[in-house]
Amino acid sequence: MTTQVENRPPMKDTPFVPIEKIVALCKRRGFVYPNSEIYGGVAGIYDFGPLGVELRNNIRRYWWWTMVQMHDNVVGIEGAIITHPRVWEASGHVENFVDRLVDCKKCKRRFRIDHLPPENVASNTCPECGGELTEPRTFNLLMETYLGVVEGDRMKTYLRGEACQNIYLDYDNVLKSSRMQIPFGICQIGKAFRNEVTPGNFLFRQREFEQWDLQFFVHPSQMQQWFDYWKEKRFEWYKGLINHKDRLHLRAHGSDELAHYAKQAFDIEYQTILGWQEWEGIHWRQDWDLSRHSQYSGHDLSYTDPETKERYIPWIVETSGGVDRTFLNVLLDAYEEEPDPNGKEPRTVLRLHPSIAPVKVAVLPLQKNKEELVTTAKGIHKTLQRLMVSQYDDVANIGRRYRRQDEIGTPYCVTIDFQTLDDQTVTVRERDRMTQVRVAINELPMYLLERVSWQ
Ligand code: GAP
């Protein structure tokens, strides 16, 4: 991501941030709350607070802007969470969407077999206490639900286990109702549900989460070219979002990890205290999805080339990532406790990219008991809030107010002081370098917009 003024300082090689610090900050400052907390909570389900919803919306909007708005050959849809149950038979989820689990007979911990170190699988021992493990049991991850009210006449279906299925279901409608021709893509952002048996690590593995998908439909002869194109694009997109560029890499799936239809797959991985973990998958889905849905629905989803009249099932490049994992990773990437040169409390700062920061600007009168300062500050806040998320704050001394904004990642603080009353300029303080410049009030909106919007 670039802004017109892209001069963020490189981030120092800070240690990995413990997840607990992010959990605490998120709760304290209103980013994320445990769901149903007053009832004791539900593992793997979270709610987003006032700042969290702003950050999420910004992340989503930036993805949509890059993927849909900026590509003439990509359109978007928004599909329903519940679909016909046959969808999940055709997709293979009813049969194959399973985790195999073992329990330790001694310490009672539960593990997914595919997460166990190979030596523990071989010796059938617990990686924590060395105890003996039980025989593996298989669990389907799909969440069931029922449609209809009359007992005995209710239809069992599922909350979608992956959001992308709607894209295959709507593919033919999009083709007929838009002017798209192959090669073209369909995007969607939407919730997905999985009965994860080991939810954990905060937003990393949840039971209700949100995915963003591109399904790009191509002629088989162009598959490799488009696969490479999207792999590169998506990698660069994530790189533009973070400070620690060296903590991002692409990992090719080994032959034992590949889905049966895939010739290749890559994970974009990010390194945190949890190690290298998947952030987004780039998948070679070939003709699997449209063939299966043609077969299960009886509706022919093949494509006829308008010029050559060749008829074929399009192949698909999928890029599938998580909104929640992005939310967590950008916080882990941005969080820093900077030692204070005067030995005071360290400065906690979220070095979020200005374009996704939940609050773009804070407007601060130097003193709250000086009416002219307050009136001017409120006027500036009113002007700015039409253009971006602006916060007015006159509580506590200016240093504390700066700290409050640093902790939530606000890139700019505007201070209205006595000079403002003389020359109609304000102080603009930048979060990362803490530099201060004077800007004329009438130039302030453009000054800030240039620095907080992506282009
Ligand atoms: N349609 C392909 C698909 O669903 P996936 O690798 O299972 O592939 C794609 O999921 C992305 O969704 C992951 O890279 C991750 O960012 C996110 N994701 C998957 N399971 C998740 C979970 N339980 N909690 C949070 N995010 C998850």
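Order of appearance sets the numbers: ligands from 1, and atoms from 1 within every ligand. Please read all numbers here as calculations on a predicted model, not as lab measurements.
Using a 4.5 Å heavy-atom threshold, the side chains of Phe202 and Leu331 count as separate.
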I'd like the atom pairs linking ligand 1 to the protein - N or O on both sides, separation under 3.5 Å - with distances to 0.1 Å.
from, atom 1, to, atom 2, distance (Å)
ligand 1, 1 (N), Glu162, OE1, 2.7
ligand 1, 1 (N), Glu318, OE2, 2.9
ligand 1, 4 (O), Glu162, OE1, 3.4
ligand 1, 4 (O), Arg194, NH2, 3.0
ligand 1, 4 (O), Gln211, NE2, 3.0
ligand 1, 6 (O), Glu278, OE2, 2.9
ligand 1, 7 (O), Arg194, NH1, 2.9
ligand 1, 7 (O), Arg194, NH2, 3.1
ligand 1, 10 (O), Gln211, NE2, 3.2
ligand 1, 12 (O), Gln211, NE2, 3.3
ligand 1, 14 (O), Glu278, OE2, 2.6
ligand 1, 14 (O), Trp279, O, 3.2
ligand 1, 16 (O), Trp279, O, 2.9
ligand 1, 16 (O), Gly322, N, 3.0
ligand 1, 20 (N), Arg194, NH1, 3.4
ligand 1, 23 (N), Glu196, OE2, 2.9
ligand 1, 23 (N), Gln206, N, 3.3
ligand 1, 23 (N), Gln206, O, 2.8
ligand 1, 24 (N), Phe204, O, 3.3
ligand 1, 24 (N), Gln206, N, 2.9

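Annotation: Glu119, atom CD; neighbour count of heavy atoms from other residues, nucleotides and ligands within 6.0 Å is above 12.
Within the structure, salt bridge (charged side-chain N to carboxylate O under 4.0 Å, His left out) pairs that include any residue of residues 72-86 comprise Arg86-Glu89 (at least two apart or interchain).
Side-chain contact of Gln271 with His244: a donor-acceptor pair under 3.5 Å is absent, judged by distance alone. When only modelled atom types and interatomic distance are considered, Asn58 and Glu54 share no side-chain donor-acceptor pair under 3.5 Å. No side-chain donor from either of Gln206 and Tyr46 sits under 3.5 Å from a side-chain acceptor of the other.
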